[in-house]
Amino acid sequence: MEGASGTGAFSEPPSSDGSFGPLIVAPPPSPRDAQVELPEESPDPSLLPTITLRERAASRGADPDGLPLPAGELLAGQYKLIRKLGYGGMGEVHLALDTKVDHREVAIKILHPERAAVALVRERRALVDLSHDDIIRVFNYGHHPEIGDFLVLQYVDGLTLEEVRARAQANPAEFGGSRFHEFVLAYGVRILAALGYLHSDRVGKVYGDLKPDNVMHDGTTTKIVDVGSVRAAGMRGLTTEGFRAPTVGPDGESTGQDDLFSLGETLRRLSGLGQSPQHLAELGALDMLRELDASGTVPQTYGMTAPAPRGLGLLSLARVLHRATRGEGAERFATAHEMEQQLRGVFRELRSLRTGTETFEPSPLFLQSPYALDGELGSAPPLARWAAPDTPVPDGPDAYAPPTPAVVAQRLPVPRPDPDDAHHAELSRLADAAPEALLQHTVDWRESPEVHLLRCRVQLRVPGAATEDAELELRAAEALIGPERAPYDWRLDWHRGLLALGRDQVDAAWWHFDRVYAAIPGEYAPKLALGHCAERLGQRHEALTFYEAVRLRNPSLGSATFGAVRARLALGGERARDDAVQALDAVPQHSRHRTAARTAAVRVGVEHVRTSEHPGEVTERLQEVLARLARLFHAHGLTDEEARVRMTAEVWEAVRDALTRGVLDAPGLVALAAGADVRLGLPSDDAGLRRDLSRLYLALARQAARSAVPEDAAVAETLLDRAYEVRPLAFRHHRDSPWLGKRAGDWLRTVARPPSSARTTKSTREDGE
């Protein structure tokens, strides 16, 4: 049926002084028989179920009762009235046939004089000109002497969103359980397209009275069905209590931002997130993460329509609707496009958390960081790993430390330049050069907020620089943005968070990034930053929740994957290592972090071998580690020879450790070597394994001797000792023996101080790279 006819609520018409009277609520309709078919899984954020009424109003035939004209008389000589459909805020609605246009079904809305707004009668021509797929078409308008003014509208017959909500609440499984909330966001994306059209400079209208009863789902489409409230921005008109923004004028004077409030409240009611917009703040608070971890369910007091979204999805959904329904206009979304971007982002998050599959779309607000923030988990072991061979390898929460806050501040995603900034074009083309070069390059640029924000980030990257310079740049950007806009500009909070990380003030950074998450809840970058803060603060469950929300949405983002792996390993549990490796394997082949992820998978497997006491499990894990190592060397891109030596040494050590502990026997080693990739060259006996390890330790000693890190000199000595200790010789072979030690010492000094020509060649090659 058309409009809000026969369902929902409408406001009283304006009285003589132009004010609106109390709300009048129609009796709730009885549920209509309909069939709901779910669409195939899709990353399309506008895809909806197919809803088909089993009996449409038009199929019930003619009903002369209640018609305003005698049977047989045409309205305006053209429209044959069939039956009454109901009523809306501006008058009665009737089904009719257009006898002059293929006898098509139309809806006639008769504008009763006592309810018809003068502005609506004056703007009938503008209503006919409206043309958008998600707004019901106004075909014509006219006047009939016996009944007055009327509109001729497109006839649609489906369920209003209020009927959809009631149906989903009675049977959530019909809408895919928690998937229903994704459909709620799809309704939002579709309605925002219509509102964006109305709010555009070309049209210059507002809807004014958006609510669930005024949106209909017919088939796979949605329609805003009651156009009686459409008017020019700032004009008086219909509104509905409960969906009216606090900033609406006393006579319904509305702006486009007020429409966004009404949409936010409409979507909140559809999802059932609490009893009022105030509940959205409670549901979106970070404290809710601990409550969800403890109970796994949402408190019943919030009365959700369908099962809650998984993981961080509930908070993101609550936050995006909370921002839309804030009391102050400056705290809300400024435009339909801005709100749509965030709804799309939250949709991608909900879908990925529910299905465990990627739902990728490039961020409209952040550039993707080229850094993995792996905390060295994705690199071959550093030489310091062999500094103290008798010290146990750390396990559990201390096995892999996250990167330092200062490093994170330098390598988190960078906001895209504001398109309205004076230097947008130059900033978009700017290369990620050394910080000193960037500062020099921009020294003569005219001031703008984005230039100062760039310099703030660059100052955090200058080696040994004080953070005071970065703070001065941030203050300059804030001054240019101005006191009216600055409190609501998420870019400032983002950079305050980076500055706090640069000063190792993780608590303060957490607070700033929380504000960014509240402002742009559909974006992944603030969740990545909050994940790091939680990790540093020892809140590992919260860290994992943030990282997983980002990782599942886009597995190519190495920072989220490595953060999730560290959190899982720190939390422990029977499946911790298996889940960690599964997350690393999910980093796709095309990702720039795929080699680091495959490296980390080998290292995690090695740690599992070292800590296992079950022979069968050790053999199985070693087979897997060797297979992964072969693929890492020959398929997954680890071509650096020094890194390959370190990885091989770590795996060979794990094999020999298993032999020493008795969880791998000699026949097991033979079988292991026979099953491994021949290119690895795994020895099949202990003596061969020791000879290989000796050779590897000598190669590592050579690396340490050439290293620019001062501490590595001592590591070279230690590795040389280990090379001779492990080598299976029957006579004395310690490096300090008179005849062998002198030769080894001379060799090590030669390696540490290559000829000047060799150093020049190496330096030239590195500069070229």
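Since the model is a prediction, treat every value here as computed from it, not as a measurement.
- Atom CG of L263 and atom CZ of F333 lie 10.0 Å apart (nearest 0.5 Å).
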* Between Q368 and L557, is a side chain to side chain contact (heavy atoms under 4.5 Å, CB included) present by the stated rule, with each step listed? -> CA-CA 8 Å; Q368 186 166 323; L557 295 172; 3.4 Å; yes
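- In this structure, R179 has no side-chain hydrogen bond (donor to acceptor under 3.5 Å, both in side chains) partners at least two apart in sequence or on a different chain.
- For T355, the side chain to side chain contact (heavy atoms under 4.5 Å, CB included) criterion is met by E41, R351, T357, not counting sequence neighbours.
- In summary, the side chains of T221 and D218 do not present any donor paired with an acceptor at a separation below 3.5 Å, with no hydrogens or angles considered.
- A cation-pi arrangement, defined by a distance under 6.0 Å to the six-membered ring centre and an angle within 45 degrees of its axis, is present between R104 and F139.
- In this view, D287 and R290 satisfy the side-chain hydrogen bond (donor to acceptor under 3.5 Å, both in side chains) rule, not counting sequence neighbours.
- In this structure, P307 and P172 have side chains that are in contact, with non-hydrogen atoms separated by less than 4.5 Å.
- Other residues, nucleotides and ligands place no more than 12 heavy atoms under 6.0 Å from the CG atom of D102.
- Residue pairs satisfying the ring-ring contact (aromatic ring centres under 6.0 Å, His included) criterion with at least one member in residues 201-223, sequence neighbours excluded, are listed as follows: Y187-H217.
- Using a 4.5 Å heavy-atom cutoff, the side chains of L632 and T595 are in contact.
- Taking the side chain as every heavy atom from C-beta outward, R202 and Y197 approach each other to under 4.5 Å.
- Identified under the side-chain hydrogen bond (donor to acceptor under 3.5 Å, both in side chains) test for residues 260-269, with sequence neighbours left out: E265-R268, E265-R269.
- Between Y517 and F546, the ring-plane angle classifies as perpendicular under the 30° and 60° cut-offs.
- Applying the salt bridge (Lys or Arg N to Asp or Glu O under 4.0 Å) test between E338 and each of R344, R332, R323 identifies R323 as the sole match.
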**Message:** For a side chain to side chain contact (heavy atoms under 4.5 Å, CB included) check, start with the C-alpha distance between V320 and F347, then their side-chain angles and the critical distance, and finish with the verdict.
**Reply:** CA-CA 11 Å; V320 77; F347 166 86; over 6 Å; no
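- Distance check: L85 CG to D157 CG gives 7.5 Å after rounding to the nearest 0.5 Å.
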Check your understanding: Can T359 and L350 be said to form a side chain to side chain contact (heavy atoms under 4.5 Å, CB included), step by step?
Key -> CA-CA 9 Å; T359 311; L350 264 58; over 6 Å; no
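- Residues S559 and Y547 bring no donor and acceptor atom of their side chains to less than 3.5 Å of each other.
- Partners of E174 by side-chain hydrogen bond (donor to acceptor under 3.5 Å, both in side chains), not counting sequence neighbours, listed by chain and number: R167.
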Inset, instruction - Let me see the working for D374 and R411 under salt bridge (Lys or Arg N to Asp or Glu O under 4.0 Å), right down to the final yes or no. - result: CA-CA 11 Å; D374 62 332; R411 295 184 174 182; over 6 Å; no
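- Put simply, CZ on R319 and CG on L314 are 11.0 Å apart, with the number rounded to the nearest 0.5 Å.
- Scanning for side-chain hydrogen bond (donor to acceptor under 3.5 Å, both in side chains) contacts around Q341 gives H337, with sequence neighbours left out.
- In this structure D418 satisfies the side chain to side chain contact (heavy atoms under 4.5 Å, CB included) test together with D420, D421, E450, R491, sequence neighbours excluded.
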Identify each donor-acceptor pair in which a side-chain atom of residues 42-53 lies under 3.5 Å from a protein atom, sequence neighbours left out, and give them as a table.
unit_1	atom_1	unit_2	atom_2	d
S42	OG	D44	N	3.1
D44	OD1	S46	N	3.0
D44	OD1	S46	OG	2.9

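- Using modelled atom types, one finds no donor on one side chain facing an acceptor on the other under 3.5 Å when comparing T335 with H199.
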L317 vs V184, side chain to side chain contact (heavy atoms under 4.5 Å, CB included): CA-CA, chis, key distance, verdict: CA-CA 10 Å; L317 178 60; V184 169; 5.6 Å; no
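- Q278 and S276 form a side-chain donor-acceptor contact under 3.5 Å, judged by distance and modelled atom types alone.
- Classification of D578 and R568 as a salt-bridged pair fails, no side-chain N sitting under 4.0 Å from a carboxylate O.
- Pairs of residues two or more places apart, or lying in two chains, that qualify as salt bridge (Lys or Arg N to Asp or Glu O under 4.0 Å) and include a residue from residues 585-602 are D585-R628.
- For residues 523-532, every residue pair satisfying the salt bridge (Lys or Arg N to Asp or Glu O under 4.0 Å) rule, not counting sequence neighbours, is listed here: E349-K527.
- With sequence neighbours excluded, the residues satisfying side chain to side chain contact (heavy atoms under 4.5 Å, CB included) with R165 are E162, Q169, L270, T305.
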